[in-house]
Amino acid sequence: MPTLKAVRGTRDLLPPETALWNRIETTARQVFARYNFGEIRTPIFEDTSLFARSVGEETDIVSKEMYTWEDRARAQSEKPQSLTLRPENTAGVVRAYIEHKLGETGQLQKLYYIGPQFRRERPQKGRYRQFWQIGAEVIGPPSAGSESPLRDAEVLEMLATLLDTLGIAGWTLELNSVGSSADRERYNQVLRAALVDVAPKMCVDCQRRVVTNPLRVLDCKVPEDQPIIETLPKIGDSLGQDSKDHFAQVTAALEAAGVPYHLNPRLVRGLDYYTRTTFEFTHGGLGAQNALLGGGRYDGLSEAIGGPKAPGIGFAMGLDRLVLTLQAKEADHSSASPQVADAYIAPLGEALNAPALTLARELRRAGLHIELGDGSFRLKKSFEAADKAARRIVILGEDELQSGILTVKDFASGIQTKVPCVELAAHLAKPGGA
RNA sequence: GCGGCAGUAGUUCAGUGGCAGAACGCCUGACUGUGGCUCAGGAUGUCGUGGGUUCGAUCCCCACCCGCCGCCCCA
């Protein structure tokens, strides 16, 4: 039997790397709390139709990237249910919002999530089939202010603060408005009409996009096509007055708060539910996967899946990509240092194993990080093991057991001291070097 | 899904159609209750998997798997 390995596009996260993951998650939770967001946890799989109706039947995500299967029918008379591993989390959050009638509270719901998502794409660095997203949604009835441009600006300001707090330097906020669904429909027609004449002069990918998804032409990176793209109508010109005013208030609030942004009229996003404000935070050094996070408004999403009017705005950040960015930054001063315990307890002889466990129990209950050795080790081996795992070694031999006075050696200073058992916890709680 | 590059020890990587290598790391001892430094010795392994060519394949060929780069798309 061939050895089993993690399936394509999935991976194990091991210590010490997981410490960085935890740091990022903890920071995110702290920042979200300051903005009064609460955590929501939705199921990892949902009814397939939830994603078809929200993300969009024609999107790449739904049409070719989902892990979908038929759940066994419970009875002969029942039809099997089509289930799907979530490819994103906004749909699940909005489904929960509707299901639990959160709109009936009359309050704005501010919810964040952290969890794995699944898309069957070709793996690459920064792109996995099981990947992690940290996201948040602000959603509620219009009477709660859910459509206010202030909410958009607040979310963007929060993201800028979160990235800064994490220590991610050099991010760029790409901002655009794709208008209401009516605006977008109008623009699609205008764009299609304009492309009829110029498309034959463009790259083969663009010629295909003209048919499949004209908005995507704007995203083309082929240098020869750029002059042509410049001549195409801008989505901003197709926006209704309401959309224009809304967007103007978002940018005005960002400027007032001092959040730098870059207007990008070509920013188009691949999920059908986005309306009006859309954005990405990008970062160089991620290669082709340069988007750290993306998001936008989804004013019609709730209705699309059978709920009440509940405009909202949200984002999803790629946790895997945050980790990559921070690892690249911290590469020179080895962020991957293994964790180091306060002390290593070295029992001398197997008869000391049980007393050593008791001592470790007391110290751990006092809040210390303790590594417990083994009495079968020779002292030299205990020292070697201790030096790798801890800042100090506590020697527990027959002498120490009889006298109740333990031998403690600090590795950084090389100083060895005798410490009475009752004072040991306090002694070890002090920083190293003494 | 398409195009390209790669896969050898725990890790980073050399290498060759004829016995599988280095560095670091690991283990043992010198040193029986004192680590790091030093010295002596030792083990690293299905050479990604399966076929083919060949007297003989880790090396050449094919397929597959996995990773990486670009495209597509996205976080």
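A note on names: the letters A, B, ... follow the listed sequences, proteins ahead of strands, and every chain is numbered from 1. Predicted, not measured: the structure shown is a model, and the values here were computed from it.
Residue-level contact check: A/T407 touches the bases, meaning some heavy atom is under 4.0 Å from a base atom. Residue A/R120 is classed as a sugar-phosphate contact, given heavy-atom separations below 4.0 Å to backbone atoms only. The residue A/F315 sits apart from the nucleic acid: no heavy atom pair falls under 4.0 Å. Contacts of A/Q416 with the nucleic acid, taken as non-hydrogen atoms under 4.0 Å apart, include base atoms. Among the atoms of the strands shown, base atoms are found under 4.0 Å from some heavy atom of A/G126. Residue-level contact check: A/I395 touches the bases, meaning some heavy atom is under 4.0 Å from a base atom. When heavy atoms are screened at a 4.0 angstrom cut-off, A/G295 is found touching no nucleic acid atom at all. Within 4.0 Å of A/D387, counting heavy atoms only, lies at least one base atom of the nucleic acid. A/L293 comes within 4.0 angstrom of the backbone, heavy atoms only, and of no base. Contact annotation for A/F281: no contact, since no heavy-atom pair falls under 4.0 Å across all strands. Looking at heavy-atom distances under 4.0 Å, A/K409 makes contact with a base.
Atom CZ of A/R364 has more than 12 neighbouring heavy atoms from other residues, nucleotides or ligands inside a 6.0 Å radius.
Side-chain proximity of A/R119 to B/rU34, B/rG33, B/rA75: nearest is B/rA75. Listed nucleotides: B/rG70, B/rC66, B/rC74. Nearest to the side chain of A/N290: B/rC74. Ranking B/rU28, B/rC71, B/rG67 by closeness to the A/K381 side chain, first place goes to B/rU28. In the set B/rA75, B/rU34, B/rG29, B/rG29 carries the atom at the smallest distance from any side-chain atom of A/R378. Side chain of A/L271, nearest nucleotide from B/rU32, B/rA75, B/rC68: B/rA75. Distance from the side chain of A/K380 is smallest to B/rG35 among B/rC74, B/rA75, B/rG35. For A/R321, counting side-chain heavy atoms from C-beta on, the closest listed nucleotide (B/rC73, B/rC74, B/rC69) is B/rC74. Across B/rU34, B/rA75, B/rG70, the shortest atom-to-atom separation from the side chain of A/L379 is found for B/rU34. Side chain of A/I61, nearest nucleotide from B/rG33, B/rG1, B/rC74: B/rC74.
Between A/F45 and A/W69, the ring center distance clears the sub-6.0 Å criterion.
Between the P atoms of B/rU44 and B/rG51, the separation comes to 26 Å (whole Å). When the C1' atom is used for both B/rG21 and B/rU54, the distance is 25 Å, rounded to whole Å. Only the C1' atoms considered, B/rC47 is 15 Å distant from B/rG17, to the nearest whole Å. Nucleotides B/rU58 and B/rC19, compared at atom C1', are 14 Å apart to the nearest Å.
Geometrically, A/R129 does not engage A/F118 in a cation-pi contact defined by less than 6.0 Å to the ring centre and at most 45° from the axis.
Classified by interplanar angle (parallel below 30°, tilted 30° to 60°, perpendicular above 60°), the ring pair A/F411/A/F383 is perpendicular.
For B/rC68, the base has no donor-acceptor partner in the side chain of A/R127 [N/O atoms by modelled type, under 3.5 angstrom]. Taking 3.5 Å as the limit, the base of B/rG36 and the side chain of A/E384 contain no donor-acceptor pair of atoms between them.
Between A/Q117 and B/rA75 there is no side-chain polar atom (N or O) within less than 4.0 angstrom of OP1 or OP2. Distances shown here put every side-chain N or O of A/K388 at or beyond 4.0 Å from the OP1 or OP2 atom of B/rG35.
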A/I228 and A/M202: CA distance, side-chain angles, deciding distance, side-chain contact (heavy atoms from CB on, under 4.5 Å) verdict = CA-CA 8 Å; A/I228 297 172; A/M202 304 184 77; 3.9 Å; yes

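Computed from coordinates, the A/Y273 OH to B/rA75 C1' distance equals 11 Å when rounded to whole Å. Remark: C1' of B/rC74 and CZ of A/F131 are 8 Å apart, rounded to the nearest angstrom.
Salt-bridge check for A/K380 with A/E384: passed, with a basic side-chain N closer than 4.0 Å to an acidic carboxylate O.
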